[in-house]
Amino acid sequence: MSVIKLGKAQFRFSVGPWNLHPGADPFGPTVREEFSWEKKLQIFKEIGFDAIQFHDDDVCPADLNPAETSARVKAMRKQLKDLGLAAEFVAPRLWEHPNTIDGGWTANDATMRKYATDRSKRCIDIALELGTKKIVLWPAREGTYIREAKDPFESYKRYRDYLNALLNHDASIQILGEMKPNEPMDAMYMPSPGHFLAMGATTVDPKRVGVLIESAHSMLLGVDPSEDFALCMALGKLWGVHLNDQDGLKYDQDKSFGAVNLRRAFNQVWVLARGGFGTKGEYVGLDVKAMRTQKQDVSMRHLANSLQIFKDLCEKVERVDEAKVAGFRSSRDYEALELYVVQLLLGK
Ligand code: 3MF
Ligand code: MG
């Protein structure tokens, strides 16, 4: 898809292969067939995505030896190139392995921490060979079910040691923390982007530590995602986003972007546009799930719909009369500003 230019921003789009899924949830099995890897890439291309978000084990099995790993990465790179797709990032999927039951780098068992660190270094090698310097950390199990289970001081120290080990492994990589307050753990360490950046500032190379913000993760924190985006853009730290939507405080729903709260979605697009998102090669990423009821042949609609809604909201942002907004602000007439925004969204 060609790039969308809006204000100072340049929007290109990315998606993760897990966003096409056969519908299993914690209470029931799959309900439709899984698409093959080739078919997934073809669907992403047809819908108009420019880049793919990877986990290390999307490229090849987690514990494959170095020679075979390298061969598999080269083959994947060729597959992407043939389709005109880029790799946005690679994330070590540390939460599914038997060695990471108690977490990766904050596990109490030193051999498990070593596994997490070694595997993450290997993930960096995969990313570089695939053509990206971005490593996303979604710290799924770096937290506790009960607060007494881990010593928090030790955990924060281990957190920093782990980040330093990754930053020292290669001088060019960038680490993007994708923070989330809960699920699967009851309580994650450093639940917000701000927490992660504070920790990042104490590492060996703070300028290579940033964030990827998922809309629903901000909502689970009780924060409006556009505010989280804006803060991190103001700090030069918003290096990726996972756009989606969420209906209230419950499990992470990953609903289609804008499907629950259009105004909240509009504000995300408006902020990304004003902040010049995408000019340094950042992608507008989606992290959305299809409904379990969806039949296989239409189980990619949520992706196309999310992009459509994003583009429709770009048109709304383009129509914002900035002088009018400034006028409402200077006269402090926020009631009038609110009606203006709601009527804009209603197409009036
Ligand atoms: C969980 C997530 C994850 C991450 C993904 C990449 C399954 O809430 O958002 O998606 O985005 O693992 O880091
Ligand atoms: Mg996500």
Side-chain angles (χ1 to χ4, degrees), residues 13-26 34 40 44 49 51-59 62 87-97 100 103-105 116 119-120 123-124 126-127 130 132-143 162-163 166 173-193 195-196 209-221 223 225 228-229 232 238-247 249-257 268 282-290 302-303 306 310:
F13 300 90
S14 74
V15 64
W18 70 91
N19 286 181
L20 286 177
H21 57 97
D25 70 15
E34 176 100 53
K40 283 189 181 186
F44 295 150
F49 289 100
I52 306 297
Q53 308 163 13
F54 283 91
H55 291 101
D56 53 352
D57 55 5
D58 289 324
V59 184
E88 183 192 8
F89 65 70
V90 187
R93 189 164 5 221
L94 291 175
W95 52 93
E96 290 184 0
H97 198 277
T100 55
W105 56 95
R119 179 161 163 187
S120 303
C123 177
I124 291 173
I126 291 175
L130 211 51
T132 178
K133 296 182 186 316
K134 287 185 177 154
I135 303 299
V136 166
L137 300 179
W138 172 49
R141 300 192 191 279
E142 311 313 322
Y162 169 79
L163 295 176
L166 268 53
I173 57 133
Q174 295 177 292
I175 297 178
L176 288 67
E178 181 185 352
M179 311 317 277
K180 184 178 174 185
N182 60 281
E183 195 200 20
M185 308 304 287
D186 175 59
M188 253 84 130
Y189 289 123
M190 305 192 297
S192 76
H195 287 92
F196 187 72
V209 182
V211 293
L212 177 152
I213 300 181
E214 174 165 324
S215 319
H217 296 180
S218 295
M219 294 174 214
L220 291 171
L221 277 163
V223 175
D228 254 351
F229 291 179
C232 293
L238 189 67
W239 299 343
V241 291
H242 270 170
L243 297 186
N244 60 18
D245 214 345
Q246 170 78 22
D247 196 3
L249 289 179
K250 45 186 104 168
Y251 64 96
D252 184 3
Q253 295 185 299
D254 298 335
K255 283 176 175 284
S256 290
F257 180 61
Q268 289 171 68
E282 310 93 332
Y283 288 95
V284 174
L286 297 183
D287 194 354
V288 289
K289 265 197 199 80
H302 60 305
L303 297 172
S306 294
F310 185 90

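The basis for the numbers below is simple: all heavy atoms, side chains too, and nothing from hydrogens, waters or symmetry mates. Quick caveat, the model's predicted, so the values are computed rather than measured. Counting convention: from 1, in listed order, for ligands and their atoms alike. Along the sequence shown, residues are numbered consecutively beginning with 1.
Every protein residue with a heavy atom nearer than 4.0 Å to ligand 1 is included here: Trp18, His55, Ala91, Trp95, Val136, Trp138, Glu178, Lys180, Glu214, His217, His242, Asp252, Asp287.
Not one N or O on the side chain of Glu88 forms a donor-acceptor pair closer than 3.5 Å with the backbone of Val284. Not a single donor-acceptor pair under 3.5 Å links the side chain of Ser215 to the backbone N or O of Pro225. The main-chain N or O of Glu214 is never found under 3.5 Å from a side-chain atom of Glu178 such that the two would form a donor-acceptor pair. In this structure a side-chain-to-backbone donor-acceptor pair under 3.5 Å is missing from Asp57 to Ala62.
Side-chain contact, Asn244 with Asp254: a donor N or O sits under 3.5 Å from an acceptor N or O.
The nearest pair of heavy atoms linking Leu243 to Val288 is O-CG1, 3.7 Å.
A ring-centre distance under 6.0 Å is not found for His55 and Trp138.
At least one side-chain heavy atom of Leu221 sits under 4.5 Å from a side-chain heavy atom of Pro191.
Between Phe44 and Phe49, the two ring planes are perpendicular [angle over 60°; tilted spans 30° to 60°].
At a cut-off of 2.8 Å, measuring from the Mg ion (ligand 2), the protein N, O or S atoms that fall short of it are Glu178 OE2, Glu214 OE1, His242 ND1, Asp287 OD2, waters left aside.
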